[in-house]
Amino acid sequence: MEPTIHSTESPTTATNSTIFQGRVQFGGQAGEFFGIWIVNILLSILTLGIYSAWAKVRTYRYFYSNTRIDGHSFDYLATPIQILKGRILAVVVFVIYSLVVQLLPLIGLLFALGFLFAMPWIINQGLRFNMRMTRHRNVRFAFSGNYGDALINFVLLPIASVFTLYLLLPYALKRMDQYLHENISYGNKAINVNLKGETYYMAALITIGVAIAGLVIFGIFVGISGVAMGLGNIDSDNLNVSTILFPVLIIAFYIAFLTLISAVYQSIIRNHIFNSSEFDDVASFKSDLKAVDYGILLFTNALAIIFSLGMAYPWAKIRKARLLAKATEVTVYTGALAIIDTAQQQQSSFAEEAANVFDIDISLT
């Protein structure tokens, strides 16, 4: 069903007329996803991991189908067999590498060096697969990055940042995000991304400031708590409440510290990426994710997962998806109605699954 045009101008006279402006809607429910998640876990265990390919597809399709822009949900097009074939190949490569490292350390070192130079290819192929398997309004996304740029951004710049005492790291992170996003296209329309290095340095400085303040508060808290415990534990044979409560508070404070600095940096960068990206005449984006809100969510999610022994994971994942959707606004223009799906034949998922096996995060959030 085509969306209703809300603009007062005719699409034929105003090529950039707005047909939709509003927040991304996420309709997933914790109870529903818990059922999917627990079945995925159990069947993956019973099948020695074989069902994990089906589990991945079911999870992606649930979140995609519950994410809507102007009433149109996303589609995840990959099939479990595609994922399974790629996963088997990637696991075989990983096993061979592990054996080589154990039996022939020198060759294993060369293997690792080879993997370092293969990583840009893996990242590119993984992103191509993920984008091609993503569809909205019957139009698929695509990724057009090349090996040379990926090598510079994901290998050479991070290595160079080490020799600058990480002063180059914010710039390297900016280049990574620029590369990841500017090579995305929706049908035949490429995205325009204009990220600024100063925003990344500002985000790094703010995050460092928050981290220092957190460490100072943490030190004061530990000092005061230590004195209180010393006064309350004159008789070392008696176990009181403070003895049990103190380690719990330390852990909670540590989790809060990590989630806060993560939320500060991620919220600044996410807002900057969305606010600096648009598909000309098709769509523009706005993100107003609040660091405090995001930090509270990450903190409570972490506590819930820990104290529920992992059973709260579906609830936490749904909460995060709902908050990120609520913080994202999309404006769709009439040019979206003329987009042509230029996706080619589906590509092997080997590289995408290899990225998962080697624990390379190439997700776009």
Side-chain angles (χ1 to χ4, degrees), residues 1-7 11-12 14-26 57 60-61 63-79 82 123-146 149-150 153 176-195 269-287 321 324-325 327-347 349 351-352 362-365:
M1 183 177 67
E2 298 296 331
T4 302
I5 297 179
H6 301 298
S7 173
T12 59
T15 58
N16 205 33
S17 299
T18 300
I19 61 176
F20 170 79
Q21 183 175 20
R23 300 282 170 171
V24 175
Q25 301 295 316
F26 181 74
V57 170
Y60 272 54
R61 286 180 178 173
F63 278 88
Y64 277 42
S65 65
N66 280 286
T67 303
R68 296 180 176 84
I69 298 175
D70 191 22
H72 296 269
S73 63
F74 287 82
D75 301 310
Y76 185 65
L77 305 176
T79 64
Q82 281 180 295
I123 291 172
N124 283 338
Q125 297 300 99
L127 287 167
R128 285 194 181 97
F129 181 79
N130 282 333
M131 290 295 102
R132 184 174 284 107
M133 295 301 104
T134 302
R135 183 175 66 185
H136 187 254
R137 291 173 56 89
N138 292 321
V139 176
R140 284 185 285 182
F141 290 81
F143 185 81
S144 59
N146 62 75
D149 289 340
N153 293 318
M176 288 181 192
D177 285 337
Q178 181 78 33
Y179 175 79
L180 288 173
H181 293 84
E182 72 181 358
N183 287 294
I184 294 174
S185 60
Y186 177 58
N188 61 336
K189 180 69 69 170
I191 195 171
N192 291 323
V193 183
N194 184 28
L195 303 184
I269 297 305
R270 184 185 194 273
N271 291 343
H272 179 55
I273 292 174
F274 274 80
N275 297 338
S276 304
S277 305
E278 67 173 348
F279 291 100
D280 286 341
D281 299 328
V282 174
S284 59
F285 311 94
K286 178 182 177 182
S287 174
L324 293 179
T328 308
E329 181 179 295
V330 180
T331 301
V332 181
Y333 306 110
T334 50
L337 303 177
I339 287 291
I340 300 173
D341 190 351
T342 57
Q344 301 298 317
Q345 290 294 321
Q346 296 179 1
Q347 191 168 329
S349 59
E352 190 260 353
I362 56 175
S363 62
L364 299 175
T365 56

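Computed from a predicted model, the values in this text were never measured in an experiment. The chain is numbered in sequence order, starting from 1.
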#### Entry: Ala325: partners by side chain to side chain contact (heavy atoms under 4.5 Å, CB included), with sequence neighbours left out
Val24, Phe26
### Query
When Thr134 is tested against each of Tyr60, Tyr64, Tyr76 for side chain to side chain donor-acceptor pair (under 3.5 Å), which residue passes?
Tyr64
### Query
Can you find a heavy atom in the side chain of Tyr179 that is under 4.5 Å from one in the side chain of Asn124?
yes
### For Phe74, ring pair (Phe, Tyr, Trp, His ring centres under 6.0 Å) partners two or more places apart
His136
### Message
Minimum heavy-atom separation for Leu77 and Gln82, please, with both atom names.
### Response
O-OE1, 4.3 Å
### Task
Compare every heavy atom of Thr328 with every heavy atom of Leu324, then report the nearest pair and how far apart it is.
O-OG1, 2.7 Å
### Query
Who pairs with Asp75 by salt bridge (charged side-chain N to carboxylate O under 4.0 Å, His left out), at least two apart in sequence or on another chain?
Arg135
## Note on the structure
Contacts of Asn275 meeting side chain to side chain donor-acceptor pair (under 3.5 Å) (sequence neighbours excluded), chain-then-number -> none
### Summary
One should read off an interatomic distance between Arg132 CZ and Phe141 CZ, to the nearest 0.5 angstrom, of 13.5 Å
## Note on the structure
To the nearest 0.5 Å, atom CG of Asn153 lies from atom CG of Leu180 at 8.5 Å
### Query
Side chains of Leu195 and Ile273: does their closest heavy-atom pair fall under 4.5 Å?
yes
### Message
Are the side chains of Lys286 and Thr331 in contact, using a 4.5 Å heavy-atom criterion?
### Response
no
### Task
State, to 0.1 Å, how close Ser65 and Ser73 come at their nearest heavy-atom pair, and which atoms those are.
O-CB, 3.3 Å
### Message
Once side chain to side chain donor-acceptor pair (under 3.5 Å) is applied, what residue pairs with a partner in residues 184-194 remain, sequence neighbours excluded?
### Response
Asn192-Asp280
### Task
Tell me, with the steps shown, if His272 and Asp177 meet side-chain contact (heavy atoms from CB on, under 4.5 Å).
CA-CA 11 Å; His272 179 55; Asp177 285 337; over 6 Å; no
### Task
Under the ring pair (Phe, Tyr, Trp, His ring centres under 6.0 Å) rule, collect the residues that match up with Phe279, sequence neighbours excluded.
none
### Query
Residues two or more places apart in sequence or in another chain: which of them pass side chain to side chain donor-acceptor pair (under 3.5 Å) with Asn271?
Ser287
#### Entry: Counterpart residues, side chain to side chain donor-acceptor pair (under 3.5 Å), relative to Gln178 (two or more places apart)
Glu182
#### Entry: Qualifying residues under side chain to side chain donor-acceptor pair (under 3.5 Å), relative to Asn183, sequence neighbours excluded
none
### Query
Is there a donor-acceptor pair under 3.5 Å between the side chain of Arg61 and the backbone N or O of Ala78?
yes
### From CA spacing to verdict: side-chain contact (heavy atoms from CB on, under 4.5 Å), Val282, Tyr333
CA-CA 5 Å; Val282 174; Tyr333 306 110; 5.7 Å; no
### Query
What's the spacing between Ile191 CD1 and His181 NE2 if we round to 0.5 Å?
7.5 Å
### Heavy-atom side-chain proximity of Arg137 to Ile339 below 4.5 angstrom
no
### Message
I'd like to check the salt bridge (charged side-chain N to carboxylate O under 4.0 Å, His left out) partners of Arg23; sequence neighbours left out, ordered by chain and number.
### Response
Asp288
